[in-house]
Amino acid sequence: GELPKRPKGSDCKSAGSAFGGSNPSLATMNEYLREIAIKLAREAGELVFARREGQIEVAGTKSSDVDVVTKVDKESEQLLFSRLEELRPDDGFLGEEGREKNSKSGLTWVVDPIDGTVNYLYNLPHYSVSIAVVSGDPRPESWQVEAGVVYNPSTDEMFHAARSSGAFLNDRRLEIAVPPPLHLALLATGFAYSSVMREEQFRILSQLIGQLRDIRRMGTASLDLAAVAAGRVDLYFERTLSPWDHAAGELLVTEAGGSISGIGGLPVGREGILAGHPDLVAEFVEKLSNIGGDRSLAEIPGWEFDSKDVK
């Protein structure tokens, strides 16, 4: 289908005034950006899904031997970059596979062309195209996520949100689950690519698993956050993520009524991210602290080994 028409007066002016004085309401602008993200996520998703019908080969590795990238990752990112150059030439771009462009408009598109590449490689139907557009400085500790989309092409589930306009799965509005007691909560998590960090994460989880309903490790951060927004899991906790892993997903959670938090009093980002109902998040933060699960990465000897992609 055709891409959405730009709201009248919607050209962005500067980083300090990303939407300009004569622009439509913030919600209208964010909904417009969300519609662009939906269209592009579907385009990239169709490409990714079609390519999976053939033999997928590893094109290289990044932070470690198990942190793989395929040719399709790069092809998907190139598609998204090219389309955004046509549609939003003044916006910035930050992509997992190395595409980066400074913003002239105050908006930056933060893109993971295939989140869950290992799942994709093994033909497990749990991977996504994740697209967010953020205003301001495009770093997790300072950005404002304006719109976000997480699309799983293998299930045709389109999770999407615009700031102040709610979160949706296809046409169904999402609302975070009523929080159970923590010991009945289902926690989603993931593991780092660094072997040292994986051992640290296992140490923490081994102390938590007896105090939760259970733990799920599904392999795609953006879809884990979408699962929180959809009430499919109660909590999500992970460390060493990159910006494109969580930009879109965090907006899904907050627009569904959930809470996003860093750990150890630090901002959301590389150090850690927690998502869930505000009450559960607050309780889980305290529990993490009690078992030393919130110490800074710098205090974990060797956490950065095999992790060359730190940004």
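This is a predicted model, so every value here is computed, not measured. The first residue of the sequence shown is numbered 1, and numbering continues consecutively from there.
A salt bridge is absent between Lys74 and Glu96: the closest approach of a Lys/Arg side-chain nitrogen to an acidic carboxylate oxygen does not fall below 4.0 angstrom. The existence of a salt bridge linking Arg42 and Glu157 is excluded, since no basic side-chain nitrogen approaches an acidic carboxylate oxygen closer than 4.0 Å. With respect to the salt-bridge test (charged N to carboxylate O, under 4.0 angstrom), the residues Lys287 and Asp294 do not qualify. Looking at Asp73 and Lys71, no side-chain N of the basic residue comes within less than 4.0 Å of a carboxylate O on the acidic one, giving no salt bridge. A salt bridge is defined here as a Lys NZ or Arg NE, NH1 or NH2 lying under 4.0 Å from an Asp or Glu carboxylate O, and Glu146 with Arg163 meets this definition. Arg83 has a carboxylate O that lies under 4.0 Å from a charged side-chain N of Glu86, or vice versa, which qualifies the two as a salt bridge. Salt-bridge check for Glu85 with Lys101: passed, with a basic side-chain N closer than 4.0 Å to an acidic carboxylate O.
Between Val285 and Gly262 the shortest heavy-atom distance is CG2-O, 4.5 Å. Of all heavy-atom pairs between Trp109 and Ala37, the closest is CZ3-CB, 4.0 Å. The two residues His277 and Pro179 make their nearest non-hydrogen contact at CD2-CD, 3.3 Å. Across every non-hydrogen atom of Ile176 and Gly276, the tightest pair is CD1-C, 3.9 Å. Across Pro113 and Glu97, no two heavy atoms sit closer than the pair CG-CG, 3.8 Å. Shown here for Asp91 and Ser105, the closest heavy-atom pair between the two residues is OD1-OG, 2.5 Å.
Within the model, atoms CG of Asp90 and CG of Leu84 stand 12.5 Å from one another, a figure rounded to the nearest 0.5 Å. Here the straight-line distance linking atom NZ of Lys39 with atom CD1 of Ile131 works out to 13.0 Å at 0.5 Å rounding. From Leu235, atom CG reaches atom CG of Leu280 across 5.0 Å, with rounding to the nearest 0.5 Å.
Between Val133 and Val110 there is no side-chain heavy-atom pair separated by less than 4.5 Å. Side-chain contact between Leu297 and Arg239 is present, with at least one heavy-atom pair separated by less than 4.5 Å. In this structure, Phe168 and Arg34 have side chains that are in contact, with non-hydrogen atoms separated by less than 4.5 Å. Here the side chains of Asn152 and Leu223 are in contact, with some heavy-atom distance below 4.5 Å. Within the 4.5 Å cutoff, the side chain of Arg203 has heavy atoms near those of the Gln207 side chain. When side chains are defined from C-beta on, Leu274 counts as touching Ile263, because their heavy atoms get closer than 4.5 Å. For the pair Pro243 and Trp143, the minimum side-chain heavy-atom distance is below 4.5 Å. With a 4.5 Å cut-off on side-chain heavy atoms, Asp112 and Asp245 count as touching.
For Asp279, the CG atom is densely surrounded, since the number of other residues' heavy atoms within 6.0 Å is greater than 12. Counting non-hydrogen atoms of neighbouring residues, nucleotides and ligands closer than 6.0 angstrom, the CD atom of Glu175 reaches no more than 12 such neighbours.
Leu182 and Leu187 fall within the same hydrophobic cluster, where Ile, Leu, Val, Met, Phe, Trp and Tyr residues are linked whenever their side-chain heavy atoms come under 4.5 Å apart, directly or through other members. Neither Leu241 nor Trp244 shares a network with the other; the hydrophobic side chains, linked directly or stepwise wherever heavy atoms of I, L, V, M, F, W or Y lie under 4.5 Å apart, form separate groups for each. Transitive grouping of hydrophobic side chains (ILVMFWY, heavy atoms separated by less than 4.5 Å) keeps Met218 and Leu121 in distinct clusters. Placement of Leu266 and Ile273 in two distinct hydrophobic clusters is found when ILVMFWY residues are connected by side-chain heavy-atom separations under 4.5 Å, directly or transitively. Hydrophobic clustering (side-chain heavy atoms under 4.5 Å, transitive across Ile, Leu, Val, Met, Phe, Trp, Tyr) groups Val233 together with Val253.
A donor-acceptor distance shorter than 3.5 angstrom exists from the side chain of Glu255 to the backbone of Ser164, with no hydrogens or angles considered. For Glu141 (side chain) and Val268 (main-chain N/O), no donor-acceptor pair under 3.5 Å exists by modelled atom type. A side-chain donor-acceptor contact under 3.5 Å links Asp234 to the backbone of Leu186. A distance-only check finds no donor-acceptor pair linking the side chain of Arg213 to the backbone of Ala185 [under 3.5 Å]. Using modelled atom types, no side-chain atom of Glu250 and backbone atom of Ala247 make a donor-acceptor pair closer than 3.5 Å. In this structure, Thr189 contributes its side chain and Phe237 its backbone to a donor-acceptor pair below 3.5 Å. For Ser259 (side chain) and Pro278 (main-chain N/O), no donor-acceptor pair under 3.5 Å exists by modelled atom type. Using modelled atom types, one side-chain atom of Gln201 and one backbone atom of Ala192 make a donor-acceptor pair closer than 3.5 Å. A donor-acceptor pair under 3.5 Å is absent between the side-chain atoms of His126 and the main chain of Asn119, judged by distance alone. In this structure, Ser103 contributes its side chain and Leu107 its backbone to a donor-acceptor pair below 3.5 Å.
For Ser135 and Gln144, the side-chain atoms include no donor-acceptor pair closer than 3.5 Å. No side-chain donor-acceptor contact under 3.5 Å links Ser130 and Asp115. Checking Thr240 against Arg270 by side-chain atom types alone, no donor-acceptor pair falls below 3.5 Å. Under the 3.5 Å distance criterion, with hydrogens and angles disregarded, no donor-acceptor pair is assigned to the side chains of Ser128 and Thr220. For the residue pair Glu286/Ser289, the side-chain donor-acceptor check at 3.5 Å is not satisfied.
Under a cutoff of 6.0 Å and an axis angle of 45°, Arg217 and Phe191 do not form a cation-pi pair. For Arg99 and Phe81, the positive end sits near the middle of the six-membered ring, less than 6.0 Å away and at most 45° from its axis.
The aromatic rings of Tyr120 and Tyr127 lie perpendicular to each other, with more than 60° between the two planes, well past the 30° mark.
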